[in-house]
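Note that these values count all heavy atoms, side chains included, but never hydrogens, waters or copies made by symmetry. When a ligand or atom number is given, it counts from 1 through the structure's own listing order.
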Amino acid sequence: MKISVIGTGYVGLVTGTCLAETGNEVICVDIDQEKVEKMRNGIVPIYEPHLDVLFERNIKANRLQFTTSLDEGLAHGDIIFLALPTPEDEDGSADLSYILSVSEEIGKKIKEYKVIVDKSTVPVGTAEKVQKIIAKNASCGFDVVSNPEFLREGYAVDDFLKPERIIIGASSTRAKDLMKKLYDPFVRSGNPILMMDEKSAELTKYAANAFLATKITFMNEIANYCEKVGADVDKVRAGMGTDSRIGKRFLFPGIGYGGSCFPKDVKALQKAGSDNDYDFKILDAVISVNDYQKTILAPKIEDFFDGDISGKKLAIWGLAFKPETDDIREAPSMYLMEALLKKGANLSVFDPEAMPNIKRKFGDRLTYKESMYEALEGADALVICTEWSIFRTPDFQKVASKLNQSVIFDGRNLYNVEDLKEEGFAYFSIGRNNSLI
Ligand SMILES: NC(=O)c1ccc[n+]([C@@H]2O[C@H](COP(=O)([O-])OP(=O)(O)OC[C@H]3O[C@@H](n4cnc5c(N)ncnc54)[C@H](O)[C@@H]3O)[C@@H](O)[C@H]2O)c1
């Protein structure tokens with residue numbers, strides 16, 4: 001099939017590349033000239049494991065092309081995916097301006113039947129809005145489909161190629177048949193393509209993200225409570241997680257959720273609720289607990305240094321909002337670093353992939369290091385913000401020899417408390433009653 005993808009970010013590029021991988025002819029459109037130039041030169045503009053292999057293969061096979069021309073994209077695809085940003089607006093709602101302005105152009109430019117697929121995360125009623133905007137100018141038939149994306153950054157290629165489910169919100173049989181044909185190669189092992197109405201599809205995505213954010217937040221509260229009463233959240237987590245109704249995943253406490261999705265999606269659902277006369281009390285709590293959670297590590301660090309971290313040198317391991325990505329949107333590390341810088345600390349940082357993005361934001365307020373051990377040289381403590389696997393089993397003797405004193409503040413509970421005690425570290429983590437060893 002001929003496919004166009006408008007918006008070539010984390011979702012659009014993975015979607016375009018993976019659809020090319022199953023034999024479709026794909027054109028990816030992006031407004032960012034520099035990005036398109038890079039892709040034309042064979043460079044993947046984001047860090048996403050395994051994407052490069054598919055990217056190269058499909059470019060070589062002439063199944064994957066890039067352009068800045070919306071006209072070219074709209075002329076090419078029988079199916080047009082919108083993978084455009086839906087960032088948080090000032091009032092917390094999803095900013096639909098990218099989607100709606102491209103829809104306006106679609107109406108003016110399409111000359112034959114097209115299926116317009118909304119892959120971005122959008123509030124209930126967006127498909128209807130898009131339908132109306134296109135219909136205003138369209139001189140041919142078209143259908144609008146809601147097809148929310150569930151890929152996780154860091155595992156995006158695998159998630160797209162082997163999805164647990166595909167959600168299609170559509171009313172037209174023609175559009176449903178085309179979408180099924182497109183996605184059938186991805187569900188050969190029997191995972192479902194769930195057909196539903198557009199509104200339910202749109203809400204499914206928000207409900208899933210809000211639920212996951214709530215699950216993390218619940219564990220963060222349990223962890224905070226563990227610290228008050230002397231329980232160990234690792235043991236509680238293991239005990240809870242073996243209950244199949246709860247499940248083992250997403251029970252890891254930390255310094256708050258971040259990223260390009262959970263924070264804005266939870267807020268957008270809360271706002272959409274209040275716009276529709278529904279008060280999502282649980283989401284109010286999730287947002288406020290998560291805001292608090294992002295602040296919990298700084299006071300622990302300050303307390304250790306008797307309330308004064310001015311002039312202290314702190315090494316930061318991990319800047320991305322989670323491992324296996326270079327994405328720093330709403331990363332908890334940034335909130336913590338801002339708090340530490342404000343108190344006069346000097347920060348020496350390392351992340352395997354996210355340093356260029358952080359550098360664009362923080363500039364020379366941070367000292368950037370080439371390796372995790374280099375960041376430790378002469379630091380008064382190590383602070384961990386992202387659970388990259390290379391941080392999981394460091395050479396603790398080397399860590400101790402580089403630090404001025406053996407202190408670790410771990411926002412991701414990477415290490416065993418007893419092991420660190422044996423290694424002679426003062427080790428502070430989340431919810432493990434390990435205030436001082
Ligand atoms: N990132 C994720 O993990 C993820 C997962 C599921 C769903 N989503 C949703 O998918 C959507 C896209 O997210 P993303 O992370 O890929 O965003 P992104 O910011 O990485 O990419 C968006 C791309 O759209 C381009 N763009 C902006 N305006 C354009 C226009 N008028 N024409 C063509 N291109 C344009 C930008 O240059 C950018 O490359 C959002 O709604 C997001 O919530 C994201």
Side-chain angles (χ1 to χ4, degrees), residues 4-18 27-39 43-49 51 66-74 77 80-89 93-106 108-109 116-123 126-127 130 146-160 163-167 201-202 204-210 212-213 257-269 320-331 357:
S4 300
V5 181
I6 320 294
T8 315
Y10 289 87
V11 168
L13 183 57
V14 172
T15 300
T17 308
C18 292
I27 291 192
C28 292
V29 181
D30 204 284
I31 204 168
D32 182 337
Q33 282 193 357
E34 203 183 313
K35 198 180 237 188
V36 169
E37 208 46 52
K38 267 191 183 167
M39 295 188 289
I43 300 166
V44 181
I46 52 168
Y47 174 73
E48 185 57 54
L51 184 58
F66 306 96
T67 180
T68 52
S69 161
L70 185 61
D71 288 24
E72 195 184 330
L74 295 181
I80 316 265
F81 280 89
L82 306 183
L84 293 159
T86 48
E88 184 182 329
D89 219 335
S93 62
D95 173 2
L96 291 181
S97 59
Y98 297 85
I99 302 273
L100 301 183
S101 66
V102 168
S103 303
E104 191 84 38
E105 294 304 306
I106 293 175
K108 290 178 195 157
K109 289 176 174 159
I116 315 301
V117 182
D118 186 5
K119 222 175 203 342
S120 300
T121 304
V122 292
T126 305
V130 168
S146 166
N147 168 222
E149 181 50 56
F150 294 89
L151 62 76
R152 298 160 299 165
E153 284 175 23
Y155 304 91
V157 171
D158 219 39
D159 285 347
F160 198 97
E164 287 185 331
R165 69 347 204 149
I166 286 160
I167 305 284
E202 289 166 339
T204 301
K205 175 66 190 178
Y206 278 109
N209 272 3
L212 292 170
Y257 62 75
S260 62
C261 293
F262 288 174
K264 78 170 174 64
D265 292 350
V266 172
K267 285 188 192 154
L269 183 56
F321 85 90
K322 66 172 189 177
E324 297 299 332
T325 183
D326 59 351
D327 197 341
I328 59 161
R329 290 178 279 187
E330 293 293 317
N357 285 337

Worksheet entry | Numbered atoms of ligand 1 (with element) below 4.0 Å of Tyr98, judged on heavy atoms | 27 (C), 28 (N)
Worksheet item: Counting heavy atoms only, which of Thr8, Val36, Thr121 comes nearest to atom 9 (C) of ligand 1?
Response: Thr121
Worksheet item: Identify the closest protein heavy atom to atom 12 (C) of ligand 1: which residue and atom is it, and at what distance?
Response: Leu84 O, 3.5 Å
Practice prompt. For atom 41 (O) of ligand 1, grab the closest protein heavy atom and report residue, atom and distance to one decimal in Å.
Written response: Thr86 OG1, 2.6 Å
Worksheet item: Any idea which atoms of ligand 1 are less than 4.0 Å away from a heavy-atom of Lys35?
Response: 38 (C), 39 (O)
Worksheet, complete the sentence: min-distance protein heavy atom vs atom 19 (O) of ligand 1 -> Arg329 NH1, 3.3 Å
Item to complete: Run down the list Thr325, Thr15, Val102, Ile99 and name the one with the heavy atom closest to atom 31 (N) of ligand 1.
Response: Val102
Discussion item. Quick check: closest heavy atoms across Val266 and Ala210, and the distance to 0.1 Å?
Written reply: CG2-CA, 4.1 Å
Worksheet item: Which residue owns the protein heavy atom closest to atom 5 (C) of ligand 1, what's the atom, and how far is it?
Response: Leu151 O, 3.6 Å
Item to complete: Identify the two heavy atoms, one from Thr68 and one from Val36, that lie closest to each other, and give their separation to 0.1 Å.
Response: CG2-CG2, 3.7 Å
Worksheet item: If you take all heavy atoms of Gly154 and Pro49, which pair is closest and at what distance?
Response: O-CG, 3.6 Å
Worksheet item: What are the two closest heavy atoms between Tyr206 and Asp265, and how far apart are they?
Response: CD2-O, 3.4 Å
Worksheet item: Can you find a pair of side-chain heavy atoms, one from Phe81 and one from Glu149, that are under 4.5 Å apart?
Response: no
Worksheet item: Can you name the residues that form a side-chain hydrogen bond (donor to acceptor under 3.5 Å, both in side chains) with Thr67, not counting sequence neighbours?
Response: Glu72
Discussion item. Restricting to non-hydrogen atoms, name the atom on Ser120 and the atom on Ala83 that form the minimum distance, rounded to 0.1 Å.
Written reply: OG-C, 3.6 Å
Worksheet item: Which pair of heavy atoms, one from Pro45 and one from Met39, lies closest together, and at what distance?
Response: CD-CG, 3.6 Å
Practice prompt. Give yes if a backbone or side-chain nitrogen or oxygen of Lys119 is under 3.5 Å from a nitrogen or oxygen of ligand 1, and no if not.
Written response: no
Response to the item:
With heavy atoms and a 4.0 Å threshold, my read on which part of Cys261 contacts ligand 1 is side chain
Discussion item. Judged on heavy-atom distance to atom 42 (C) of ligand 1, which of Glu149, Lys264, Glu48 sits nearest?
Written reply: Lys264
Worksheet item: Any idea which part of Val122 is under 4.0 Å from ligand 1, heavy-atom wise: side chain, backbone, both or neither?
Response: neither
Worksheet item: When only distance counts, is Arg152 in polar contact with ligand 1, meaning an N/O pair under 3.5 Å?
Response: no
Worksheet item: Given Ile46, which of Leu51, Thr325, Thr8 fulfils the side chain to side chain contact (heavy atoms under 4.5 Å, CB included) condition?
Response: Leu51
Worksheet item: For ligand 1, does Ser260 get within less than 4.0 Å through its side chain, its backbone, both, or neither, judged by non-hydrogen atoms?
Response: side chain
Worksheet item: Who are the side-chain hydrogen bond (donor to acceptor under 3.5 Å, both in side chains) partners of Tyr47, not counting sequence neighbours?
Response: Glu324
Fill in: Option whose closest heavy atom lies nearest to atom 36 (C) of ligand 1, chosen from Val5, Asp30, Val29, Leu96
Asp30
Worksheet item: Hey, looking at atom 3 (O) of ligand 1, which of Glu105, Glu34, Glu153 has the closest heavy atom?
Response: Glu153
Item to complete: Decide if atom OH of Tyr155 counts as having more than 12 heavy atoms of other residues, nucleotides or ligands within a radius under 6.0 Å.
Response: no
Practice prompt. Classify the side-chain pair Asp71/Ser69 by whether it contains a donor and acceptor separated by less than 3.5 Å.
Written response: no
Worksheet item: For atom 34 (N) of ligand 1, what is the nearest protein heavy atom, given as residue, atom name and distance?
Response: Ile31 N, 3.3 Å
Discussion item. Could you identify the single nearest non-hydrogen protein atom to atom 21 (O) of ligand 1 and state the distance to 0.1 Å?
Written reply: Gly9 CA, 3.1 Å
Worksheet item: How does Tyr10 reach ligand 1, by side chain, by backbone, by both or by neither, if only non-hydrogen atoms under 4.0 Å count?
Response: both
Worksheet item: Counting heavy atoms only, which of Val14, Asp118, Asp159, Val11 comes nearest to atom 10 (O) of ligand 1?
Response: Val11
Worksheet entry | Lys205 N/O to ligand 1 N/O under 3.5 Å | no
Worksheet item: Is any side-chain heavy atom of Ile80 closer than 4.5 Å to a side-chain heavy atom of Val117?
Response: no
